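Have a look at the structure below before the remarks.
Each chain gets a letter, A, B and so on, in the order the sequences are listed, and its residues count up from 1. Note that the structure is a prediction, hence the values are computed from the model and not measured.
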Amino acid sequence: MTTKEHVVHILDELRWRGLVAQSTDEQALRDALESGPVTVYCGFDPTAPSLHHGHLVQLVLLRHLQRSGHRVLALVGGATGMIGDPRMSGERVLNSKETVAEWVERLRAQISRFLDFDGDNPARMVNNLDWTAELSAIDFLRDIGKHYRLGTMLAKDTVARRLASDEGISFTEFSYQILQGLDYLELNRRYGCTLQTGGNDQWGNLLSGVELIRKAEQTGVHALTTPLITKSDGTKFGKTEGGAVWLAPDMMTPYAFYQFWINTDDADVVGYLKTFTFRTREEVEELERAVVERPHAREAQRVLAGDVTTLVHGRAATDAVVAASQALFGRGDLAELDESTLAAAVAELPRAVVPEEPVQVIDLLAEAGLVAGRGAGRRAVAEGGVSINNVRVTDPDALLDASQLLHGRWAVLRRGKRTLAVAEAVSG
RNA sequence: GGCAGGUUACCCAAGCGGCCAAAGGGAGCUGACUGUAAAUCAGUUGCGCAAGCUACGGGGGUUCGAAUCCCUCACCUGCCA
């Protein structure tokens, strides 16, 4: 921490980083954060086998708070994940208990990377299934349900809109807000938690807990939300060919993850540096100048991609993908790369196996997942969008011949400008 | 439980007996221009080299011919109880 950060209030720091959208009584929150360690919690529901870019914002926020001395609780929604937070796109399909349990474990492992669970201010991991599994329906309705007014619940934005939609809303999803409120109450009682954070779309759910605690405990607690991360061109942040930007390496390779960030628009990169990296104001300002003065150098994008990939996948993985990116997108001829450099670079890519017999290029493309099928492969070749070792392929029926294998082992397949895979000969 | 409406490709949505592998929009993909950026313009988006095959919630039927008509099942929604 630089000396300057000591004089900047954590809330102002977070605001500068674009991490603050709404909060309950801001002055009260400001005073609380200033007067001593605040216990804060943020929940993560197991709706998929991995966290994604949206959760990353929350994890970064928690990390900032922990670094400035506050106590952090990371909650995995073993219970809420079985109910489903209502969303505008319609009723969710319930996952099996086994699936939810499995995903809970995966999320736990992922969250652990972002916070410090040792030292003198350790973060703590909690699971809301721990206090809901044994809760009887009667106790739930008497002790918790009695504090909830139907009018308030129905007025919640998502609920109201879902009710007005053709699809409506099930009682299960409607009840979600109570479960989340209960979590906050429970954490307040157990650990003195007085701040809950979340995405701005969670505002209603956060307030559910704030109100429940006010009624049940006659005490005021805080809520703080982060803004929805946006892109300047109006499209959705975090959307890729494969879906979301997953943090799990088995769902999105570190290479693909790095590439996602390095392809950030000029118009967005400074904002993302503030939000997703821990760079100081001075560093960000310098990179901001670099974007204006030398946009083609893409320095800000490189720093962003490097920092975020390191945060999520670690130093070693990042070094590997940076080297791979430089090799594969560098100016030089791929054939001139030495064997070990090329080996490291292609290690990050999806691959297809080159059999003994002659094989069609389009089959390799399909096998490597670069195209959806042979037809799509033919189309890609016809469009001029396929190259092998940076040499454009023009014949849809082209075969890969052994002379194209670099170092006798690899051929770099490229579709479009930046989607890569490798065809590898079986060694032997 | 009753009545009404709905279920079309990644999403929205048109089509209501042949000219439908299915309009239009969104989104995606590719090319040109670039800086692995944006914007713009162009092409493209069921499987198959092709003949052809499989498709409009599932099943059955009418018809020379069905996404389109009939029956039935499933699911969704609304109103009423």
Side-chain angles (χ1 to χ4, degrees), chain A residues 86-94 161-174 230-244 253 255-273 287-288 290-306 309 321-332 334 345 348-349 359-363 365-366 368-387 390 392-399 412-421:
Chain A
R87 53 182 175 182
M88 277 317 299
S89 54
E91 194 79 15
R92 291 171 191 267
V93 175
L94 292 176
R161 286 162 67 177
R162 276 283 295 282
L163 265 176
S165 75
D166 287 346
E167 194 182 2
I169 184 170
S170 67
F171 180 70
T172 305
E173 289 195 357
F174 173 63
T230 56
K231 278 173 62 174
S232 56
D233 62 7
T235 59
K236 201 173 168 190
F237 168 73
K239 198 166 173 243
T240 69
E241 206 178 334
T253 65
Y255 173 81
F257 185 84
Y258 179 84
Q259 287 292 322
F260 167 78
W261 292 99
I262 209 160
N263 279 308
T264 300
D265 295 1
D266 291 359
D268 296 318
V269 72
V270 173
Y272 293 178
L273 278 167
L287 288 164
E288 189 166 10
V291 174
V292 175
E293 292 163 13
R294 305 179 293 280
H296 51 278
R298 307 172 61 76
E299 288 163 54
Q301 278 89 344
R302 282 176 219 287
V303 169
L304 173 68
T309 308
V321 299
V322 169
S325 296
Q326 281 171 352
L328 297 168
F329 284 102
R331 292 268 177 271
L334 282 173
E348 305 297 329
L349 303 177
V359 60
Q360 285 196 325
V361 171
I362 55 171
D363 283 324
L365 292 175
L370 243 41
V371 295
R374 286 171 52 84
R378 289 188 159 270
R379 194 183 311 125
V381 171
E383 290 169 336
V386 174
S387 66
N390 291 340
R392 183 172 287 182
V393 177
T394 51
D395 176 11
D397 295 313
L399 301 173
V412 177
L413 309 174
R414 185 189 300 265
R415 169 162 163 267
K417 198 170 291 184
R418 57 202 179 198
T419 313
L420 295 157

Nearest-angstrom distance from the residue atom [atom1] of [X] to [atom2] of [N]:
X: A/Ile362; N: B/rC47; atom1: CD1; atom2: P; result: 12 Å
X: A/Leu365; N: B/rC29; atom1: CG; atom2: P; result: 16 Å
X: A/Asp268; N: B/rU36; atom1: CG; atom2: P; result: 18 Å
X: A/Arg302; N: B/rU36; atom1: CZ; atom2: C1'; result: 8 Å
X: A/Phe329; N: B/rG35; atom1: CZ; atom2: C1'; result: 12 Å
X: A/Arg414; N: B/rC29; atom1: CZ; atom2: C1'; result: 16 Å
X: A/Arg374; N: B/rA50; atom1: CZ; atom2: C1'; result: 12 Å
X: A/Arg294; N: B/rG35; atom1: CZ; atom2: C1'; result: 14 Å

When the [atom1] atoms of [N] and [M] are considered, how many whole Å apart are they?
N: B/rG26; M: B/rA55; atom1: P; result: 31 Å
N: B/rU30; M: B/rC76; atom1: P; result: 39 Å
N: B/rA50; M: B/rA42; atom1: P; result: 27 Å
N: B/rG57; M: B/rC16; atom1: P; result: 16 Å
N: B/rA23; M: B/rC11; atom1: P; result: 16 Å
N: B/rC20; M: B/rC29; atom1: P; result: 30 Å
N: B/rC53; M: B/rU44; atom1: C1'; result: 22 Å
N: B/rG46; M: B/rG61; atom1: P; result: 31 Å

Return the nearest nucleotide to the side chain of [X]; candidates are [options].
X: A/Arg298; options: B/rC49, B/rA37, B/rC29; result: B/rA37
X: A/Arg392; options: B/rA32, B/rG35, B/rA37; result: B/rA32
X: A/Asn263; options: B/rA37, B/rU30, B/rC49; result: B/rA37

Inset, instruction - Search all heavy atoms of A/Gly306 against all heavy atoms of A/Tyr258 and return the closest pair with its distance. - result: N-CE1, 3.7 Å
Legend entry - Closest approach of A/Val393 to A/Ala398 (non-hydrogen atoms, all atoms of both residues): CG1-CB, 4.0 Å
Inset, instruction - Answer yes or no: does a side-chain N or O of A/Arg418 lie under 4.0 Å from OP1 or OP2 of B/rA37? - result: yes
Counter-base of [N], judged by Watson-Crick or G-U geometry with both distances under 3.5 Å:
N: B/rG78; value: B/rC3
N: B/rC47; value: B/rG52
N: B/rA67; value: none
N: B/rA32; value: B/rU40
N: B/rC16; value: none
N: B/rA9; value: none

Legend entry - Pairwise side-chain contact, A/Lys231 with A/Tyr272, heavy-atom cut-off 4.5 Å (strictly under): yes
Inset, instruction - Check whether any side-chain heavy atom of A/Leu420 sits under 4.5 Å from a side-chain heavy atom of A/Tyr255, and report yes or no. - result: yes
Legend entry - Closest-nucleotide ordering on RNA chain B, the 5'-leading residue of A/Gly385 and A/Thr264: A/Gly385
Inset, instruction - Between A/Pro295 and A/Asp397, just flag the one whose closest nucleotide in RNA chain B comes earlier from the 5' side. - result: A/Pro295
For [X], all residues meeting salt bridge (Lys or Arg N to Asp or Glu O under 4.0 Å), sequence neighbours excluded:
X: A/Glu173; value: A/Arg162
X: A/Asp397; value: A/Arg378
X: A/Asp363; value: A/Arg374

Inset, instruction - Please identify each residue that fulfils side chain to side chain donor-acceptor pair (under 3.5 Å) with A/Arg418, with sequence neighbours left out. - result: none
Inset, instruction - Taking side chain to side chain donor-acceptor pair (under 3.5 Å) as the test, write out the residues that go with A/Thr230, two or more places apart. - result: none
Distances under 3.5 Å only, N/O to N/O: pair up the protein atoms with those of nucleotides 41-46 of chain B.
| unit_1 | atom_1 | unit_2 | atom_2 | d |
| --- | --- | --- | --- | --- |
| B/rG43 | N2 | A/Glu383 | OE2 | 3.1 |

Inset, instruction - Quick one: label A/Ser232 by what it contacts on the DNA or RNA (base, sugar-phosphate, nothing), any heavy atom closer than 4.0 Å. - result: nothing
Inset, instruction - Select base, sugar-phosphate, or nothing to describe what A/Asp265 touches, counting heavy atoms under 4.0 Å on all strands. - result: sugar-phosphate
